[in-house]
Amino acid sequence: MGFLGGEVQLLSKMAAGNGHGEDSPYFDGWKAYDSDPFHPTENPEGVIQMGLAENQLSFDLIQDWMVKHPQASICTLEGVNDFKDVAIFQDYHGLPEFRNAVANFMGKVRGDRVKFDPDRIVMSGGATGAHETVAFCLADPGDAFLVPIPYYPGFDRDLRWRTGVQLLPVHSDSSNNFKITVAAMEEAYNNAAAENIRNMYDECGSNENHFGFVNCEPSWIVDPYFIQRL
C-alpha cells in the first residue's frame, strides 16, 4: 500500500499496476469470446476462440467412457454432459455458477439481511492461497499485518514467505477471552512505528479465532482516531 497524489492507495503496487497484462489484445479477445461465443447453429456470427490451446475434440469420447466407468470419475451420471464446462480454462475468479451459489449461501447464513455480489467474489483453492493472494493485493514487501497472538503458525508461511510482508504481534490472553483491545492495538502500532514500518493492516485470526471474526472492545470499532492512524 502507498500514497498516490496525496491520497492513500489501498492496494499494493502489484495489484494496482498493469503488470497483469489484462489490457492486452490477447485478453481483449478472450473477453470478446466470453461475451459472444461462436456456435455453429445458435450463434454462427459469434467470436471463435483461437487464443487457447484447448483440445475440445475428444469430449464426446471422454463422456462415453465416464458413463461406462463411473467408479473412475468424480462426476455423476446426471452431470456428465456438463463435463466439458469444467474441463477447459475457467474464469480466473472461479466458476460463475459456484460464485452465485456462494453469494446466495452467504446471504442466507446472515438471515438474508445482507446481499453479496457474486461479481465481487473470488474463489481460491483453499485458505492458504486465499491468504497469500490477499497479502499480495494489499501489501508491498516490508509492509506489515498486525496479528493477534496466539495465531495460526501457518500464517508465517501463508502471509510472509513469498510476499515479503511482516507479521507484528498484537498481544491478547485468556483474561478477557482473547479480545482485541485498543491498548494492545496501540502498543503494536507504536512498536511498528518505532521501527519505521508505515503501512499496517489488521489480521484478526488467532488460535481462539481461526476465521477472523472480530472479538474486540466496542470502543475500538467506533474510535475514529485509531482507525485514522491505522
Side-chain angles (χ1 to χ4, degrees), residues 1-3 7-16 93-94 102-103 105-111 113-117 120-230:
M1 184 182 77
F3 295 87
E7 297 182 358
V8 176
Q9 180 178 314
L10 297 179
L11 297 178
S12 67
K13 293 176 182 177
M14 178 182 291
H93 302 87
V102 170
F105 173 75
M106 291 172 67
K108 290 181 179 179
V109 168
R110 287 155 180 80
R113 295 185 298 271
V114 180
K115 291 188 179 296
F116 293 85
D117 183 355
R120 298 180 66 85
I121 294 176
V122 177
M123 307 309 300
S124 169
T128 296
H131 270 129
E132 186 177 62
T133 299
V134 169
F136 269 121
C137 288
L138 290 180
D140 293 315
D143 290 350
F145 285 94
L146 302 180
V147 185
I149 56 174
Y151 64 76
Y152 169 53
F155 284 168
D156 290 326
R157 173 202 61 195
D158 301 350
L159 295 173
R160 293 176 53 194
W161 179 28
R162 293 188 292 188
T163 64
V165 170
Q166 304 179 62
L167 299 186
L168 305 179
V170 177
H171 293 279
S172 62
D173 55 55
S174 59
S175 63
N176 66 350
N177 195 28
F178 294 95
K179 286 184 179 179
I180 306 170
T181 65
V182 172
M185 293 289 285
E186 285 277 9
E187 180 181 6
Y189 178 92
N190 291 331
N191 289 340
E195 297 181 16
N196 294 320
I197 300 174
R198 294 183 58 191
N199 299 321
M200 286 164 277
Y201 312 82
D202 182 32
E203 162 61 63
C204 292
S206 72
N207 282 341
E208 296 296 322
N209 184 21
H210 298 289
F211 297 103
F213 298 120
V214 177
N215 180 26
C216 58
E217 292 181 349
S219 60
W220 177 74
I221 299 176
V222 297
D223 185 351
Y225 167 70
F226 184 77
I227 294 298
Q228 183 177 9
R229 289 189 59 189
L230 185 57

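What you see below is based on every heavy atom in this structure, not just the backbone, and it leaves out hydrogens, waters and symmetry mates. Residue numbers run from 1 in the order of the sequence given.
With sequence neighbours excluded, the residues forming a side-chain hydrogen bond (donor to acceptor under 3.5 Å, both in side chains) with H93 are D91, listed by chain and number. Checked against salt bridge (Lys or Arg N to Asp or Glu O under 4.0 Å), R157 has no partners two or more places apart in sequence or in another chain. Partners of S174 according to the side-chain hydrogen bond (donor to acceptor under 3.5 Å, both in side chains) rule, which considers only residues two or more places apart in sequence or in another chain, do not exist here.
Taking each heavy atom of S124 and G129 in turn, the nearest pair found is OG-C, 3.5 Å. Between A184 and H171, the shortest heavy-atom contact is CB-O, 3.3 Å. Closest approach of F116 to A103, counting heavy atoms only: O-CB, 3.5 Å. Of all heavy-atom pairs spanning S172 and I149, the tightest one is OG-O, 2.6 Å.
Atom CH2 of W161 is separated from atom OG1 of T128 by 11.0 Å, given to the nearest 0.5 angstrom. Between atom CD of residue Q166 and atom CG of residue L146 there is a gap of 11.0 Å, rounded to the nearest 0.5 Å. Within the model, atoms NZ of K13 and CG of D143 stand 9.0 Å from one another, a figure rounded to the nearest 0.5 Å.
In this structure the side chain of L159 reaches within 4.5 angstrom of the side chain of L167, judged on heavy atoms.
Sorted by first and then second residue, the salt bridge (charged side-chain N to carboxylate O under 4.0 Å, His left out) pairs with a member in residues 160-169 read E132-R162, D156-R160; sequence neighbours excluded.
In this structure a side-chain-to-backbone donor-acceptor pair under 3.5 Å is present from S12 to F136.
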